[in-house]
Amino acid sequence: MCGIVGTLSCHGGGPVEARTVRRMLAAIRHRGPDEFGVYLFNHQQCSLGLGNARLSIIDLAGGQQPISNEDGTKWIVFNGEIFNYIELRKQLEGLGHRMATDCDTEVVLHLFEQYGPECLEHLNGQFALAIWDETAGELFLARDRCGIRPLYYTRQAGRLVFASEIKAILAHDGVSAELDPVAIDQVFTYWSAISPRTAFGQIRSLPPGHWLTVGRDGEGRDGEVGQGRYFRVAFPAAGSEPHRNLDTAADQLRELLIDAIRLRLRADVPVGAYLSGGLDSSAITALTHRCTSNRLETFSIAFTDKAFDESDFQWQMARHLGTRHHLITCSHADIGRVFPDVVRHAETPIMRTGPAPLFMLSELVRKQGFKVVLTGEGADEFLAGYNLFKEAKVRRFWARQPDSAGRPALLGRLYQYIADLPSGNIAYLRKFFGQGLAETSSPTYSHDLRWRNTGRTKRLFCESMQTAIARAAEDSSGAAGPSERGLHELDLPGDFDRLSPLAQAQYLEAAIFLPEYLLSSQGDRMGMAHSVEGRFPFLDHRVIEFCGRLAPRLKLCGLNEKHLLKHAMREMLPEVVCARRKQPYRAPIHASFFPDGKPLPWVSEAVSAESLESAGCFNPSAVGRLVKKVERFGSLGETDDMALAGVLSTQLVHRQFVADFRTPADLSAEENVKTVIRTGRSPVATSQLPV
Amino acid sequence: MNTSERVRNFLAENFLLDSNGFTLDDDASLLEKGVVDSSGILELTAFIEEAFGIEVADEELVPDNFDSVNRITAYVKSKT
């Protein structure tokens, strides 16, 4: 696990200097920091710099990057792990390839040498990579199927600049960023911008399951930047799903998960596991326990605010499996304290504080000497765990008899606050959840109500922001508005309307929430902030493909979510874990920013009239009213809480990346940097010293 | 300030967050217009009880009584 950076100029942009690449690497030092690598190719026609910050996990001694093929004509910088690298290596050696190291990075390079972009289909892993072909003069960029590892790029001043994190791109001379109103609009609707958009107008994200090539003349062979898609989450047409038997599917799921875990235990360092107390991480931990004879070490978050705490369930699971369990307790004050750092790592506005405890958890993991953890993300998307899926099912059921009293009452089984409504009467339930009830043919039926509700947070946008968003909508062809354009950018599959309603909802979650928020802001960024790599057995592509072929009732049986997973794990988990009501992972918001109703100092600064006007996103008087609500009532409803987190994080993003971005200093002389310099003929120099 | 004005001001200050005041029609559905969501009804009820010194019975917490400025005004008048 690592970070990568690069800069390519093919129009006389001048040679790339090593210090340019090193400064970019310094910005993402946390994604290493075991060692670094710089590659320079300065030719008359083009100049290229590549860089790697390495977190050494496989082949600790021999895997320093950049790595080349046998004759030095292809070079790779790589962020990630290829879990089936041992099997791929055997195949490649059988085809005559010779490797100098034992690491998976070199395997990827040779696989590319053998198959070109099709090599991606052979990989079982999580990655972002850059391969430079000196002979063809082409740069190949690629990202894993689900978006576990990030990759951003910008084309400014005739250069293509790319990196694992936006802060490294901004460390490059001549590159700047401004907030993108359409992206902010998307965040305040979908919880995230939709790839290729990022929070910054000039900076793009390579979407998951995609690759990109740039040729020597700065464009692709046909004058266009080449881009392709090698993976899309797929579901068969409704009614044709092949896996329909519960017991058979349970056996197959368990086998696939065990193999996914077995592969993900491949490391030259110890591997731990996150334990949230819920079904998914408990399942992974229980199966991992079966795969290793070492005593497993597990890590969890506890909250001082009991409304959010799951530590009882975590301890039950840890005792059940006999793991050595580590716990970090997170208070409101902790969240308020770390939130600016959290946003600096997330590099996007966020509508929740959920990433903050995970930021603290990865610090605990690192302090305990671990670089790698297994974790349960992915099950809710591919095995139907979210309440959203149940909500959509109930609403479709209700839509068949809109006047029914009993049908909407089923929603009380999903949401505690509904059950808490006085007298349990369903009048408000009917009114709120009945909006758009009959629009069952909408491809986004499952999500429309939620997006509409989240979209209430946009009443805080200032007039110029609203104007910019409206103007972008006018520029867009065929879309009703920029948020709808985001869905167009999503590129739904052509057969989407033939999928089952559950599969449609799952697709949307897997395409938006999973890569753009869960794996990014809560996953990669929070782990890598403390140099910790997460590994996701549920996101093994074989598990995803299998789950995609399950009959809907194996996933959501009535209103019983993750039915198949519970059945598959029933003999390995305590009954209390399988039977537990789904508890969405949440962290406190307003109490973290306004202890005793008073804003933290950084919060006061962020919502000051001056800061708000400088960022130009929010109406100062509307924000002032929101602040007064917190100060007066000491509490906020869910939508206002999201608005507060959204405003504060947007302000932080503006300050940290637009108004006051601090270009990092160079890597230090003590840091281990391998530098390779080539001019297109023989190598000029390879050194371990800074140039 | 009469009842309707107090209700409009409260909605503008705390739900619309709008310094221009309550800009919707007094008959507009607060839920359908996205002014109040399903959890915001509790906040609105607390204001009504505190501002007008009344107690909202469980069976009275229905959209017929709370889903527009006019409905809220009529409800408050019926209780005072």
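Predicted model only: the values in this text are computed from it and were never measured. Proteins come first, then strands; the chains are lettered A, B, ... in the order of their sequence lines, and each starts at number 1.
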Exercise. After noting the C-alpha distance and the side-chain angles of B/Glu60 and B/Tyr75, does the key distance pass the side chain to side chain donor-acceptor pair (under 3.5 Å) rule?
Worked result: CA-CA 9 Å; B/Glu60 293 172 338; B/Tyr75 171 74; 2.6 Å; yes
For this session: Walk me through it: do A/Thr189 and A/Lys458 pass the test side chain to side chain donor-acceptor pair (under 3.5 Å)?
Result: CA-CA 8 Å; A/Thr189 307; A/Lys458 294 189 275 189; 2.8 Å; yes
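B/Glu13 pairs with exactly one of A/Arg632, A/Arg625, A/Lys629 by the side chain to side chain donor-acceptor pair (under 3.5 Å) rule, that one being A/Arg625.
Considering only heavy-atom pairs separated by less than 4.5 Å from chain B, the leading option among A/Ala643, A/Gly637, A/Gly436, A/Ser621 is A/Ser621.
Contacts between A/Leu636 and chain B at a heavy-atom distance below 4.5 Å are absent for every atom of the residue. With a 4.5 Å cut-off on non-hydrogen atoms, A/Asn619 does not touch chain B at all. Heavy-atom distances place no part of B/Thr45 under 4.5 Å from chain A, backbone and side chain included. At a 4.5 Å heavy-atom cutoff, the contact between A/Arg452 and chain B is made by side-chain atoms alone. For chain A, the nearby parts of B/Glu32 are the backbone and the side chain; heavy atoms of each come within less than 4.5 Å. For B/Asp64, no part sits under 4.5 Å from any heavy atom of chain A, backbone or side chain.
Using bins of under 30°, 30° to 60° and over 60° for the plane-to-plane angle, the ring pair A/Phe303/A/Phe308 lands in the tilted bin. Using bins of under 30°, 30° to 60° and over 60° for the plane-to-plane angle, the ring pair A/Phe618/A/Phe461 lands in the tilted bin.
Salt bridge annotation for A/Glu561-A/Lys390: present, with a cationic side-chain nitrogen under 4.0 angstrom from a carboxylate oxygen.
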